[in-house]
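What follows is a set of notes on a single structure, which appears directly below.
These numbers were taken from a predicted model, which means no experiment stands behind them. Just so we're on the same page: letters track the sequence lines, and every chain starts at 1.
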Amino acid sequence: MNHWLMKSEPDEFSIDDLARRGREPWSGVRNYQARNYLRAMRPGDRVLFYHSSCAEPGVVGLAEVASEPYPDPTQFDPRSDYFDAASRREEPRWSLVEVKFTRKLRRTIPLRELKSRKELRGLALLRPGNRLSVLPVSKAHWDCILRLE
DNA sequence: GCCAACGTTGGC
DNA sequence: GCCAACGTTGGC
């Protein structure tokens, strides 16, 4: 089983939105490296849900990968913001997985606090300029972050 | 709103 | 293949 971190802007889709829906196809990832991480995901993998571009960026909840990766349907929808005219159905460019709500954390663990922890050195989220919306997390880092709760 | 740190695009 | 210009992400 692998561990991941997935970012979402709470104005767009928050942990409370995921709690309400229970399960959500993670559409709209349009970065090749992030896509490759999505394709490496398997049902049962654990996910840290992270709020970005907001007053208090940080880890806010836990989720679980709930499907195998499959082609993101929004790439074929001309009305979607995520439409990609260059993607062909025979060879879809973009993938997604479905994500299932596990629970909210008792508190937000702010980015500021993650940065202050020596044990979290090397966490992909903290690497300079890392803007990927989907990132791997080691088991050791996962455990460390949950101990901060 | 600013800006660093990227990724992408397109001319050559 | 190089690289300048441009667009995006996301913290602050």
Side-chain angles (χ1 to χ4, degrees), chain A residues 2-21 24-41 45-65 67 69-138 140-149:
Chain A
N2 286 314
H3 299 77
W4 310 93
L5 181 144
M6 298 172 87
K7 297 181 187 174
S8 187
E9 300 186 17
D11 290 347
E12 298 296 320
F13 191 80
S14 71
I15 187 68
D16 290 321
D17 293 323
L18 185 63
R20 263 190 298 278
R21 300 236 209 158
E24 184 75 5
W26 207 261
S27 59
V29 171
R30 294 295 181 269
N31 171 285
Y32 285 104
Q33 197 179 339
R35 180 206 67 182
N36 292 342
Y37 288 139
L38 286 171
R39 289 184 177 177
M41 290 183 180
D45 283 1
R46 300 273 170 75
V47 176
L48 294 171
F49 197 103
Y50 178 93
H51 280 174
S52 65
S53 296
C54 57
E56 190 172 50
V59 178
V60 294
L62 305 182
E64 189 180 312
V65 175
S67 76
Y70 62 88
D72 180 346
T74 63
Q75 70 196 302
F76 302 120
D77 179 1
R79 292 162 305 175
S80 169
D81 289 343
Y82 303 119
F83 178 60
D84 182 350
S87 183
R88 294 172 301 123
R89 290 202 181 259
E90 319 83 76
E91 199 180 342
R93 185 174 288 183
W94 306 112
S95 301
L96 58 70
V97 295
E98 293 177 16
V99 169
K100 185 169 70 177
F101 179 73
T102 302
R103 66 176 178 89
K104 285 179 76 169
L105 298 188
R106 289 188 289 277
R107 68 179 185 101
T108 297
I109 301 171
L111 176 62
R112 170 171 25 87
E113 192 171 333
L114 300 177
K115 284 178 174 171
S116 75
R117 292 275 159 180
K118 281 199 295 290
E119 316 89 278
L120 293 177
R121 289 238 180 101
L123 181 67
L125 176 73
L126 303 182
R127 277 208 299 267
N130 205 326
R131 304 166 304 149
L132 292 181
S133 60
V134 177
L135 296 163
V137 178
S138 71
H141 286 156
W142 173 279
D143 290 341
C144 176
I145 290 167
L146 287 193
R147 276 197 300 272
L148 298 176
E149 183 185 7

- Query: In terms of side-chain heavy atoms, does A/Arg35 have a donor or acceptor partner in A/Ser95 at a distance below 3.5 Å?
  - Reply: no
- Message: Under a 3.5 Å distance rule, please check whether A/Arg93 uses its side chain to pair with a backbone N or O of A/Asp84 as donor and acceptor.
- Response: no
- Item | Aromatic contact, A/Tyr70 with A/Trp94 (centres under 6.0 Å) | no
- Task: Kindly indicate whether a cation-pi arrangement holds for A/Arg21 with A/Phe101, taking the cut-offs as under 6.0 Å to the six-membered ring centre and within 45° of the axis.
- Result: no
- Query: Going by distance alone, is a donor N or O of one side chain under 3.5 Å from an acceptor N or O of the other, for A/Gln75 and A/Ser87?
  - Reply: yes
- Its contact letters, B for base, S for sugar-phosphate only and - for none at protein heavy atoms under 4.0 Å, make nucleotides 6-12 of chain C read -BBBBSS
